[in-house]
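Chain letters run A, B, ... following the sequence lines, proteins first and then strands; every chain starts at 1.
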Amino acid sequence: MIRMTEPSKITDVPDHQPAAGGIAARARASVGPKYLSGLNPEQREAVETLDGPVLVLAGAGTGKTRVLTTRIAHILSQGRARPAEILSVTFTNKAAREMKHRLGQMLGHAVEGMPWLGTFHSIGGRILRTHAELAQLKSNFTVLDTDDQVRLLKQLLQADNIDDKRWPARMLAGLIDGWKNRGLTPSQVPSGEAAVFANGKGGKLYASYQERLKILNAADFGDLLLEDIRIFREHPDILRQYQQRFKFILVDEYQDTNVAQYLWLRLLSQAPSKPTVPAVIPERIEEASSDVQLHVAESGSEPAMSERAALAAAPAGPTKNICCVGDDDQSIYGWRGAEVDNILRFDHDFPGAKVIRLERNYRSTGHILAAASHLIAHNEGRLGKTLRTEDHDGEKVTVTGSWDSEEEARGIGEEIEQLQRQGEKLNEVAILVRASYQMREFEDRFVTLGLPYRVIGGPRFYERAEIRDALAYLRVINSPADDLAFERIVNVPKRGLGDATVQMLHDHARKRRIPLFEAARAVVETDELKPKARGSLREVVAQFDRWRAQREVTAHTDLAQIVLDESGYTEMWQKDRSADAAGRLENLKELVRSMEEFENLQGFLEHISLVMDRDSGADEDAVSLMTLHSAKGLEFDNVFLPGWEEGLFPSQRTLDEQGRAGLEEERRLGHVGITRARRRAKIYFATNRRIHGTWSTTIPSRFLDELPAANVEITESKGGSAWGGTGGYGASRFDDMEAFGSTYSTPGWQRAQANRNRGGGRTGGGSGGFEEQASTFSSSASSGPDFGSFSSRRRGPLTIEGELVAKSTGTTSEFALSDRVFHQKFGYGRVTRIDGNKLTIAFDKAGEKKVVDSFVQRA
DNA sequence: GTCTATTTTTGCCTC
DNA sequence: AAAAATAGAC
């Protein structure tokens, strides 16, 4: 049965791609090219509706990427466009790579011919480089990351004599980022909003920040799109050029687009016939609100709406063939400017749009899908989809409570080991946390268990200090005007060029309006500096001159190696005795290696900040550990979801800042988490959690109450045996757990739980402190838990538990006084005291710590 | 003036 | 708990 949708006159051209050796019946069933076979009717419609705007609402696990890639294949094989005429944007490099990969498989050849498949930022950056002079930049401009951005703003604040205690540079960076996300240039920022920073100087600072960027020949992430938009508006001929080039536009994760991305897409998607594009002037009625908090809380999406209204009101030309794929239930980036409204109002923004829903889930079992659907049904602002599966019910989603976050980690560690014994691949196990600080406890646990794991997302490779330093050297070579890079490395390694010297260079540079590097060149010819500083500065300038000359004749990878060696940077880390020095040297090698993939230094630096991912050895069988945010788009057989507690998840900060909308976003995050699972989803909460070093009592997440009882099973924590062997450890705990279990479903059970601990709130870490002392002796050196409050709060058996745990490990140590030892985290040190199996060690770098002997080895 | 050791703040999620 | 700002030693 073929449902012919109206524009698909093309389906009956099977000879275009001869079905190689196909059985007649099979060829009949899948009329059309063979890549269409195996798609369900909705997917097929999404692939074949080529003309006009299309919105594909694709729930979790409904074959979204498949639709996108098949659509591209379809466009190409139908001869509707050449590869270079398709604009296809994603948010992450990972998604872009995945699409290229799958496309390559489908088309059977390399996809080099898809030059416009990439992230918003990389494509935006590419367009900006082509027209850099229209943004007062050179085409080799540097892309600044958040860190550079903040340092630059700090300098501006200083120049303006603004107290950066009261008005932190970070906050201004956030504001500017927000404005850029909403597509606002300095002159377009509503004056009321610009005034909230530093008593009205906010707008002016934004303007001078932009000026400064031009001088430094640099752009930040926001500029990559915002400057494009400005160029498109000011130069209709250039815009028309792109409009003509892109016959088809495809957008992945449309629910995550912000206003700037929306405007960018909107400009490009209009038919080229319209000669001019009306400029958008946002009309805003000022709310004279001086209260920052209030203002932020209120503003939400409102200004964005007026932007959109202005644009939508303008006589829009006929829109081209734009296809956006997304899921409003997976919109989780509101905090960085994403506008759910973009997807909610798609058919309004693109008149005549066809909306196609993909609701058939091919990933999860019945119970998992039901739990996720039931949870997300509590949200109000959604388009509404009903996911269905033909899979069997499978195992119920489990909810497990534990006493504290360490027990949670222990329990999960054991369950994973059990899964492993059952023959599950560790690659099919993932732990998804709300906040990255939750990862530590799991890492600690896995290190002791010897369970292989990998952290996904984590601190980005190029954000590591050693990588940024190395890049700074290369940036100064490539772009002598890059003051930020120069300042970063002028005294790294130490050359005796401290704050005073740098300050002097700044004065000189500002007076003569030249870059810092040129100022340095000039200053060494004067006698303004002391001989020592003057000498080493002269040496630095000479070195860079030499490297720049060498650049012409040396391969860029060799040059990088030479720079790192001659500058003394490699040597600096070789001399460093701290634990992670070796890793840093390894990272530097990796950096040089990765440069081989690029043609030259210029090309490398252009892409480094946009494309570089940390490559985690994916072939090795290991548990994946990541945040819920970075889990989007992935799937695993077994998913562990720890930390479902009020304040952590839903996050208190999101609630404070975004109120109801924030709660809904958190709920979507929960939905994303559960729907990552194919066969098992396991949720956890702890009663006590350590946040920033201090323990506090927590309340189970409200989301737990929103899960459907029929699909959820309450289980007991299995944590425990790790430290104390089998002896007397678990019993008291299980008492607690039974209480959890039996009262779970009754209303107000959280309150009961809270009362158990008297007052429940943030009454401090008395009991938890003891628990920490007992079980994580390894990491805590300072003592001082409040034993008094401990006993008044908890019943008897647990006191015993504490002793048992502490004593059960009391074997004699194999170490002797003044032994030289090495610790994974603290590096090298010397044993100063022995107490059973507990050692006191004076570390070379980390100071004196108490550590259990199994954590160290002989050096 | 520069480097190191103590003290203060401030933090979650990202291209 | 880590980073930044700050105070003292060379």
Side-chain angles (χ1 to χ4, degrees), chain A residues 89-96 118-125 143-147 149-151 154 164-165 168-171 173-174 177 180-181 219-225 253 256-258 260-261 332-338 432-441 457-460 462-463 465 491 493-504 529-534 536 607 609-613 626-632 643 647-658 662 665-666 668-669 672-673 690-695 779-782 825 845-847:
Chain A
V89 281
T90 64
F91 273 84
T92 62
N93 292 302
K94 200 170 64 188
T119 64
F120 272 103
H121 292 279
S122 66
I123 290 177
V143 179
L144 298 187
D145 60 23
T146 326
D147 211 63
Q149 211 179 336
V150 171
R151 280 193 300 147
K154 202 171 273 175
D164 67 347
K165 277 254 172 64
R170 251 208 119 64
M171 179 182 169
D177 241 34
K180 289 190 173 179
N181 284 339
D220 63 19
F221 280 117
D223 285 340
L224 299 181
L225 290 165
E253 308 278 17
D256 287 337
T257 50
N258 59 36
Q261 285 155 340
I332 54 176
Y333 284 108
W335 48 272
R336 68 164 200 219
L432 312 182
V433 296
R434 174 71 241 282
S436 57
Y437 66 79
Q438 288 174 261
M439 292 187 188
R440 267 189 89 129
E441 256 160 336
R460 258 174 223 358
Y462 72 87
E463 276 169 10
N491 199 30
K494 300 259 183 285
R495 298 188 177 92
L497 301 167
D499 293 344
T501 312
V502 171
Q503 194 52 52
M504 206 231 113
L529 284 173
K530 290 214 180 109
K532 214 176 88 189
R534 188 176 164 184
S536 43
H607 288 279
S609 53
L610 296 173
V611 177
M612 194 98 173
D613 280 335
M626 69 191 93
T627 62
L628 284 165
H629 283 92
S630 45
K632 194 166 70 164
L648 175 60
F649 185 56
S651 147
Q652 191 57 49
R653 191 189 181 186
T654 309
L655 258 41
D656 289 346
E657 286 173 8
Q658 320 219 26
E665 179 153 317
E666 294 286 305
R668 290 194 289 269
L669 204 46
V672 167
R690 184 167 42 183
I691 304 171
H692 319 321
T694 46
W695 286 87
S779 62
S780 101
S782 62
K825 207 176 281 164
K845 289 265 167 185

When you measure from the side chain of N181(A) to the backbone of R336(A), do you find a donor-acceptor pair of N or O atoms at a distance under 3.5 Å?
yes

Roughly how far apart are Q438(A) CD and T627(A) OG1, rounded to 0.5 Å?
10.0 Å

Starting at CD of E665(A) and ending at P of dT14(B), how long is that distance when rounded to a whole Å?
13 Å

Heavy atoms under 4.0 Å, any strand shown: does K154(A) hit a base, just sugar-phosphate, or nothing?
sugar-phosphate

When you measure from the side chain of K530(A), which nucleotide among dG1(B), dC15(B), dG11(B) comes out closest?
dG1(B)

My understanding is that only residues two or more places apart in sequence, or in another chain, count here; which of them pass side chain to side chain donor-acceptor pair (under 3.5 Å) with R534(A)?
none

In whole Å, what is the span from the CG atom of L497(A) to the P atom of dG1(B)?
13 Å

Is K94(A) close enough to dT14(B) that one of its side-chain N or O atoms is under 4.0 Å from OP1 or OP2 there?
no

Contact class for K494(A) vs. all strands (heavy atom < 4.0 Å): base, sugar-phosphate, or nothing?
sugar-phosphate

By nearest atom, which of the nucleotides dA2(C), dT14(B), dC15(B) is closest to the S630(A) side chain?
dT14(B)

5'-most by nearest nucleotide on DNA chain B - T501(A) or T119(A):
T501(A)

Looking only at dT4(B), dC15(B), dT14(B), the nucleotide nearest the T627(A) side chain is dT14(B)

Selected nucleotide, minimal atom distance to T92(A) side chain, candidates dA2(C), dC15(B), dT14(B)
dC15(B)

Ignoring hydrogens and geometry, is there a side-chain-to-backbone donor-acceptor pair from S651(A) to L648(A) under 3.5 Å?
no

Given atom NZ of K180(A) and atom P of dT14(B), what is their separation to the nearest angstrom?
21 Å

N491(A) side-chain N/O to dC3(B) phosphate OP1/OP2 under 4.0 Å:
yes

Taking the nucleotide of DNA chain B with the nearest heavy atom to each, does A500(A) or S651(A) sit closer to the 5' end?
A500(A)

Between dT14(B) (P) and K632(A) (NZ): distance, integer Å
12 Å

Euclidean distance, atom CZ of residue R151(A) to atom P of dA5(C) [Å, nearest integer]:
12 Å

Among all residues two or more places apart in sequence or in another chain, which pass the side chain to side chain donor-acceptor pair (under 3.5 Å) test with H121(A)?
none

Rounded to whole Å, the CD-C1' distance (E253(A) to dC15(B)) equals 13 Å

Whole-Å distance between dT2(B) C1' and Q503(A) CD?
15 Å

Is any side-chain N or O of R495(A) closer than 4.0 Å to OP1 or OP2 of dC3(B)?
no

Tell me: NE2 of H629(A) to C1' of dC15(B), nearest whole Å?
13 Å

